[in-house]
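From a predicted model like this one, the values you see are computed outputs, not experimental measurements. Proteins get letters first, then strands, A, B, ... in listed order; numbering begins at 1 in each.
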Amino acid sequence: MSLKTDTNYLHIETLPVNTNLAWIIDGQRPLYTTVPSNPSIGLTWEKSNTINFGLDAGFLDNRLNLTFDWYNRQTLNMFGPGEALPAVLGTSVPLANNATLSTKGFELTLNWRQVIYNDFNYSINLVLSDNKSVVKKYNNPTKYINNYYEGQVYGEIWGYVTEGLFQTDKEASEVNQSQLYIKWSAGDVKYKDLNNDGKITRGSQTVDDPGDLKVIGNSSPRYLFGINANANYKSLDFSVFWQGVGKKDTWMEVNNSSFWGFNTAQWNSTILKHNSDFWRTDNTNAYFPKPYLSSENNKNHQIQTRYLQDASYIRLKNIQIGYTLPISVSRKIRLEKIRTYVNGENILTFSNMMESFDPETAKGTTGGGRGFAYPLSRTYTFGLNITF
Amino acid sequence: MKNNIYIIIFFTIILTGCEKFLDKEPLDQISSSSYWKTPDDLKLYVNQFYTSFPSNAYYNNEAADCNSDNVVLNVYDEVLAGSRVVPASGGGWSWTGIRSVNYFLTHYKTVEASWEGISQYVGEAHFFRAYLYFLLVQRFGDVPWITKPLNSKSEELFFKKTPRIQVIDSIVADLDKAISYMKPKGQISGFRINKQVALAFKSRVCLFEGTWEKYHSGTDFGSSGSDGKKYLTLARNAAKQIIDDNIYDIYSTGKPHKDYFEFFGQNDYSNNPEVLLWRKYDVNLNLMHRVVSTNFRPVGRGMSKSLVDSYLCVDGLPISVSPLYAGDNTLNNVVFNRDPRLAQSIWIPGDITKITGNDTVRFIKPLIDGNGEYQCTTGYQLKKLCDFFGENLKFEHNERSISGDIIFGFAEVLLNYVEARAELGELTQVDIDITINRIRDRVGVAHLQIDNIANDPKWDFPTLSPIINEIRRERRIELCVQGLRLYDLLRWRAHHLFAGLRPLGAKFIQSDFPNMVIGTNVYIDGNGYIDFYQKALPNGYGFNQNRDYLYPIPTLELTLNKNLVQNPGW
């Protein structure tokens, strides 16, 4: 949960030395040093206190096994981003041990095993886990929503509620969304006026004055589960593994061109099949808003309910059917065991996420994660196991 | 007992060893406590600020006046269009550069060297603080004045804005230090800033503030009690000092039809008398740029009709009255008998664009029908800043141009001087002769005579004196496409030149573009002029004179610092 950093020497001011200044002086591009970041004073270890209740139980001759853990972890002195400070600081706020986080969660494992005849047995294994973290202490007195604040549920996504797309210019002229952009017309997104002040605003971006923003989702995965079932019948064996996430939201950031397609300029745009479903006079029931090849696009790409992706899913991760030749047969050709099988991976996925994206790997934000993740492949394998 | 002693010795060694090990400093970075020792430390540190100067105009629309009434870009400018919105964060409210300079100014004194050995670099730091602060004042007006690097506990984080004239006074104080600390031209590398550069910048800053105070007086953007005279005087004196030094001159080889164009595309300005500061490019050092305003790639720009129309005829008369004016039905007509700077600033059919062996390629027509960077928006295709002349015509270098960028030139100093004198009401014919007429001599335009100014019914500023109109005209023409025009318009409070209007281009000649359909892929106004924004800006530029003279402060900053007040109208 805490911030990872591979930067050393955060506690002292160091001047980076750079080469090749983009300014030639006397026939060379000279070296130059730059300003140190503010040091993190007094960095220390994070501390965590965990309370854990566990239960292990077996029922029905140990055919049904249950393991349950409930925990409440308090991370004190958590190492994380500095508080939000005015930009006149002129640098990033140093990382510090400055937060307290409370994480409550559970892990449940249920295992059912049954032998019906000598030549028929099966087992089902179910794993379910969940946790939720809340920021308990953090120095953010204004409760600015793009930073930690006390009472924040980790991973929450603030955004607008979408009413739909404007169908006529007249409709667009009747609402005031001028804080986001100066011009609105048919095909643009209509945001909902949550605080009924007659205009769409972000207020002062604080919990107490969020304008028309609210928490519309959460990017932390909840209710992670896996179901593993095995069965053996005579020479046949069968196994199946499902996995999934019960609840998770992903926001595809404003310049995620594989989601939005049209970006601020033609050289940043990638039009995939799904992007053709944009609003135009002959496609007024479109999913995507009217596109622009300029930064005007951003007005329609505000974080909002309409384009928030439901990244929950259930996936048939693995399925295998095998057949082992009777020992009497294999012995005849002087082999210990011969087994053939068919195996499939990532065979079925049920998800509300847009088809072009994979709910397991797609990330909405930052760096290389803009939905560009290499997709998981669906694999079928045929095999033969021979034991000598 | 003996064992215990061994144990004690063992732990003593371990623990002391530990202490020293943990206190080690990184080997691949310099810690601040071991820096700031030699003059070279200072030099290396101030080097970083040289990239604060505007980048090459190819990718930098602002450096090519695309944010003004001089140039029409394929995407309209949001300041002129009044389409800015209050950003959540960012929006140019950036203080990293200021912090970097302040870090220098609070640390350099530990250097063990004579003042003589370090004064140049201390002067450079003061110059760059002034430079970076001026950018903030131009954008935001009042801004907090911060003189040291802040940390998370600094009370300055929550300071109010400092009134703009106090900030300008502090900028002037920094520049005065820079002027006295830095070496004059010739005593320091020509690639570093020097005393004259600081003087030139001081004249720019003070002329800006002087005219801003004068023309915004009484509005939300003026400073009560300030009429700008103080700054106009400072601007005049700084510019005059450079003129009197007599080490700069207008570049000329005696060829009025080439010299202006060829002044801007040179690879080496080391010995050019007109250049105070320039950015050098070098293929071998992998520092190059794309050629600005090439004949085949106009970067989605085009010169506006209003700029083209402001060029005088060679007789020194405006087109509205000169008998020499040949109209604007064709590009050749447009430049006929005009100030030769016009034909040296836009491509005219017949201009040579390439020479391969015995073949000469000539410019035929503007790329009105091009796309993206290959489109000319107005039909007046920019040529100024291009290096397609002389030997350059003979080899392909479109992506690998090394023509220098002029950062400070002498013409601006002359025009700053004459404008300050005129605004102070003390202008004489001598002032005009040593400035405007000196500039006109390069291109052979008739002299401006203070007592014989032809009445131009189309003057941009009919309420101001004829001479102010002519000085502003000269400035617009001589310095066009060099990134100064927007801030000239703002300091003159000249919104009437563009607000509510759409910039036009050349007359559209259908026979040159048989495949273009008026109203579909080219738009023209009622008189046949190209009207590029007809569809995008049906009501013209929406610049709001009660709001758009300054940028908005991002809402996050207002949330975090309750002492900050949003700019007027936002």
Side-chain angles (χ1 to χ4, degrees), chain A residues 8-9 12-18 20-36 38-39 41 82-94 96 139 142-144 146 178-183 201-206 209 211 265-267 293-296 299, chain B residues 25-26 29-33 35 41 43-45 47-48 50-51 53 55 75 81-86 88-89 93-100 102-104 144 146 149-152 154 156-159 189 191-192 279-282 285-287 372 542 554-561 564:
Chain A
N8 296 318
Y9 301 110
I12 46 176
E13 297 187 7
T14 57
L15 286 88
V17 183
N18 311 278
N20 283 325
L21 182 72
W23 180 280
I24 294 168
I25 297 179
D26 301 331
Q28 2 169 342
R29 295 174 63 179
L31 291 176
Y32 61 105
T33 51
T34 48
V35 66
N38 272 336
I41 308 288
E83 68 219 79
L85 288 176
V88 286
L89 179 65
T91 182
S92 50
V93 184
N139 183 18
T142 51
K143 292 203 168 181
Y144 170 54
N146 290 336
S178 64
Q179 196 191 57
L180 300 177
Y181 198 77
I182 204 86
K183 282 193 312 190
T201 71
R202 61 181 96 86
S204 50
Q205 292 171 281
T206 59
D209 177 23
Q266 65 268 36
W267 37 82
L293 279 181
S294 71
S295 55
E296 188 171 347
K299 72 181 184 186
Chain B
E25 294 194 337
Q29 297 173 65
I30 308 170
S31 79
S32 191
S33 54
Y35 201 72
D41 290 347
K43 180 165 141 184
L44 252 58
Y45 192 88
N47 280 350
Q48 65 172 305
Y50 278 85
T51 50
F53 292 121
S55 57
V75 180
S83 66
R84 282 175 293 181
V85 291
V86 182
S89 59
W93 187 259
S94 168
W95 296 78
T96 46
I98 303 287
R99 177 172 182 274
S100 296
N102 282 334
Y103 198 85
F104 177 102
I146 309 279
L150 306 184
N151 62 47
S152 307
S154 303
E156 288 89 339
L157 291 175
F158 304 99
F159 269 11
S189 161
F191 298 96
R192 301 199 80 90
R279 182 197 302 261
K280 183 180 164 63
Y281 293 86
D282 188 333
L285 296 174
N286 196 26
L287 196 65
T555 47
L556 169 60
E557 298 302 321
L558 301 171
T559 300
L560 294 176
N561 178 2
L564 278 187

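Within a 6.0 Å radius of NZ in B:K280, other residues, nucleotides and ligands contribute more than 12 heavy atoms.
With a 4.5 angstrom heavy-atom cutoff, A:P16 does not touch chain B via any of its atoms. Only the backbone of A:S178 comes within contact range of chain B, with at least one heavy atom under 4.5 Å from a heavy atom of that chain. Heavy-atom distances place the side chain of A:R202, and not its backbone, under 4.5 Å from chain B. Of the two parts of A:K183, only the side chain, counted from C-beta on, holds a non-hydrogen atom closer than 4.5 Å to a non-hydrogen atom of chain B. Heavy atoms closer than 4.5 Å to chain B are found in both the backbone and the side chain of A:Y181. Both the backbone and the side chain of A:T91 come within contact range of chain B, each with at least one heavy atom under 4.5 Å from a heavy atom of that chain. Proximity to chain B is limited to the backbone of A:L180, based on heavy atoms less than 4.5 angstrom apart.
In this structure, the side chain of A:W23 engages the main chain of B:F191 through a donor-acceptor pair within 3.5 Å. The closest donor-acceptor contact from the side chain of B:T559 to the backbone of A:S204 lies under 3.5 Å. Looking at B:E557, its side chain does come within 3.5 Å of a backbone N or O of A:A87 through a donor-acceptor pair.
When A:V88, A:T34, A:N38 are compared by the number of non-hydrogen pairs under 4.5 Å with chain B, A:V88 comes out ahead. When B:I98, B:N102, B:L556, B:T51 are compared by the number of non-hydrogen pairs under 4.5 Å with chain A, B:L556 comes out ahead.
Here the options are A:L31, A:I25, A:N18, the test is side chain to side chain contact (heavy atoms under 4.5 Å, CB included), and the partner is B:N47; only A:I25 passes.
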